[in-house]
Protein chains: 2
Amino acid sequence: MTSPVDLLIAKLEQRDRLSADEKETLAGSIARLRRVATDDDIVREADRPRESSLLVEGFAARYKILPSGRRQITAIHVPGDFVDLHSFLLKTMDHGVMALTACELALVPHATLLRITEEKPHLARLLWLGTLIDAAIHREWLTMMGRSSATAHMAHLICELFCRLQLVGLTDGWSFRCPLTQEELGDTLGLSTVHVNRVLKELRERKLVSWQNGIVTIANWQGLQDLGEFSELYLNLIREPR
Amino acid sequence: MTSPVDLLIAKLEQRDRLSADEKETLAGSIARLRRVATDDDIVREADRPRESSLLVEGFAARYKILPSGRRQITAIHVPGDFVDLHSFLLKTMDHGVMALTACELALVPHATLLRITEEKPHLARLLWLGTLIDAAIHREWLTMMGRSSATAHMAHLICELFCRLQLVGLTDGWSFRCPLTQEELGDTLGLSTVHVNRVLKELRERKLVSWQNGIVTIANWQGLQDLGEFSELYLNLIREPR
DNA sequence: CGGCTCGTTGACAATAATCAAGCGAGGTGG
DNA sequence: CCACCTCGCTTGATTATTGTCAACGAGCCG
């Protein structure tokens with residue numbers, strides 16, 4: 001009963017019903033598995049992948065490097081996420097994707113995705129939906145980046161990761177594993193490493209959340225949500241026909 | 001020969017070939033036209049539109065308002081853009097779209113989009129591609145927001161708008177009309193109005209660009225690109241089978 | 001004319017970056 | 001086995017960037 005596509009199916013079923021045939025199609029679309037070590041690239045900028053990677057285990061991040069050398073992480077991916085489904089149509093990667101931890105990936109050939117768009121329109125719409133939710137998360141991050149304080153932004157990120165991990169069963173009460181270093185957190189939030197450290201200290205002192213040895217524990221969900229002005233609406237967790 | 005979908009077709013043809021049948025399908029998908037006055041909402045947060053709006057004339061912006069009241073503009077749309085194609089699958093809007101100028105919109109019923117995904121898979125992929133390019137722009141904005149100075153960010157935005165407007169024939173040499181107020185620019189870049197003004201003054205003094213009465217004129221394209229660390233790669237302007 | 005909105009500027013304050021140093025855990029090689 | 005190294009975390013001092021507050025001018029419209 002445990003297949004590489006189980007978490008993807010779980011995620012899609014939060015948003016719409018899947019037929020048995022669609023589940024089989026997904027399961028059958030995996031051409032092979034791939035393991036990637038921590039800090040290695042899963043895909044590089046300018047690559048033209050011929051298959052897309054579904055994250056089965058581990059954490060990954062999309063990132064851009066500016067000519068000046070500065071790095072920005074534009075998305076954090078958890079198991080069940082397609083990290084580069086967009087390369088199916090964009091063809092050329094305009095950013096890299098790296099493994100934040102050791103990762104296991106299930107590879108779906110673009111030829112198979114093409115066939116899904118030709119023969120299984122409803123399943124294709126659900127894959128499209130996945131990329132639309134990625135974009136909704138981008139917009140939410142833009143909003144926090146542009147219009148909130150560093151502390152609120154961090155609180156918001158923690159709320160989001162908690163919700164997304166809960167969806168795929170990777171939380172344990174109010175705790176979850178989050179392997180980002182403070183440098184990576186800084187690249188995600190657009191902050192310096194030093195300031196990330198100060199922000200986490202503040203959240204700890206305000207008894208909202210603790211972050212130790214890669215384990216995040218939320219001490220006050222309501223307070224954290226309020227501080228981060230977080231509302232899960234943008235994650236589109238409603239099951240309805242699409 | 002002038003139809004509401006002409007600019008959309010022009011944009012799609014930059015990325016792939018369209019058959020005559022596909023062009024007809026697009027033209028036939030317009031149910032009606034709609035005019036919206038400056039500063040009015042085209043769609044509101046929490047709306048559940050039954051049709052998507054293709055911008056035929058004018059400028060529009062997607063925006064989010066935080067509980068604290070602060071606004072962030074997450075996308076600027078120009079003629080030929082679908083401003084809320086994502087509502088076809090996301091169903092509930094997680095943000096608003098407003099008219100930055102008087103706008104003319106062409107409305108495509110979601111039922112028609114559904115039919116396109118069922119019957120015209122290649123055309124459906126091109127519509128999907130459009131939303132993927134929106135997301136690529138979001139990622140680029142995130143990167144500039146998090147990792148560049150206010151001045152570089154402004155330079156980058158001007159470069160991007162120039163490229164996107166050139167694509168639909170709305171530039172005039174090195175000039176283009178850009179109706180954003182400094183307040184709206186601030187909400188786009190995550191800056192205060194005062195700082196937007198200072199940044200524009202700097203760009204003017206460095207003889208890179210002038211912005212007067214809603215007309216932007218680029219005086220030094222190379223210098224502006226270098227300052228903004230701009231590369232059009234993320235706009236995906238390559239014509240190939242999708 | 002008067003009351004808008006938008007753009008402009010100066011003075012000052014808040015936020016976050018940079019620079020510098022030290023600490024502790026874990027790994028490695030002598 | 002221990003010295004040493006590296007990496008990630010932590011903190012203080014100082015600097016840079018951007019925000020806030022306040023005021024004023026230009027253009028437009030009723």
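We name chains A, B, ... by the order of the sequence lines, and we start the count at 1 in each one.
The side chain of A:Lys201 places an N or O atom within less than 4.0 Å of a non-bridging phosphate oxygen (OP1 or OP2) of D:dT11. Listed pair A:Asn197 / D:dC9 fails the phosphate criterion, with no side-chain N or O lying under 4.0 Å from OP1 or OP2.
Only one option out of B:Asp47, B:Asp40, B:Asp41 pairs with B:Arg44 in a salt bridge (Lys or Arg N to Asp or Glu O under 4.0 Å); it is B:Asp41.
Per the geometry, CD belonging to A:Gln212 stands 18 Å off P belonging to D:dG8, to the nearest Å. Atoms CD (B:Glu202) and C1' (C:dG7) sit 18 Å apart, rounded to a whole Å. Put simply, CG on A:Leu189 is 15 Å from C1' on C:dT15, counting in whole angstrom units. The CE-P distance, from B:Met145 to C:dA16, rounds to 14 Å in whole Å. At whole-Å resolution of the value, CD in B:Glu183 and P in C:dT8 are 15 Å apart. A straight line from NE2 of B:His195 to P of D:dC21 spans 17 Å, rounded to a whole angstrom. For the pair B:Trp211 CH2 and C:dG7 C1', the computed distance is 13 Å after rounding to whole Å. One can place CG of A:Leu100 at 12 Å from P of D:dG8, the figure rounded to the nearest angstrom.
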Exercise for the section: Just do the side-chain contact (heavy atoms from CB on, under 4.5 Å) check on A:Leu224 and A:Ile158 with the steps written out, would you? Expected result: CA-CA 8 Å; A:Leu224 197 66; A:Ile158 293 170; 3.7 Å; yes
Exercise for the section: Please assess B:His95 against B:Arg62 for the test side-chain contact (heavy atoms from CB on, under 4.5 Å), listing each intermediate value before the final yes or no. Expected result: CA-CA 7 Å; B:His95 63 275; B:Arg62 303 196 201 176; 3.2 Å; yes
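Counting distance only, with no hydrogens placed and no angle test, the side-chain atoms of B:Arg198 and the base atoms of C:dG7 include no donor-acceptor pair under 3.5 Å. For A:Arg147 and D:dT18, a side-chain-to-base donor-acceptor distance below 3.5 Å is absent, hydrogens and geometry of angles not being considered.
Residue A:Leu191 is in sugar-phosphate contact alone, with no base atom involved, counting any heavy-atom pair closer than 4.0 Å across all strands shown. Base contact: B:Ser192 has a heavy atom under 4.0 Å from a base atom. Counting any heavy atom pair closer than 4.0 Å across all strands shown, B:Ser149 reaches sugar-phosphate atoms only and no base atom. Nucleic acid contact class of B:Gly190 (heavy atoms, under 4.0 Å, all strands): sugar-phosphate only.
A distance-only check finds a donor-acceptor pair linking the side chain of A:Asp84 to the backbone of A:Ser53 [under 3.5 Å].
Looking at B:Arg177 and B:Asp172, no side-chain N of the basic residue comes within less than 4.0 Å of a carboxylate O on the acidic one, giving no salt bridge.
Mapped onto DNA chain D by nearest heavy atom, B:Val194 and B:Ser148 fall at different nucleotides, with B:Ser148 at the one closer to the 5' end.
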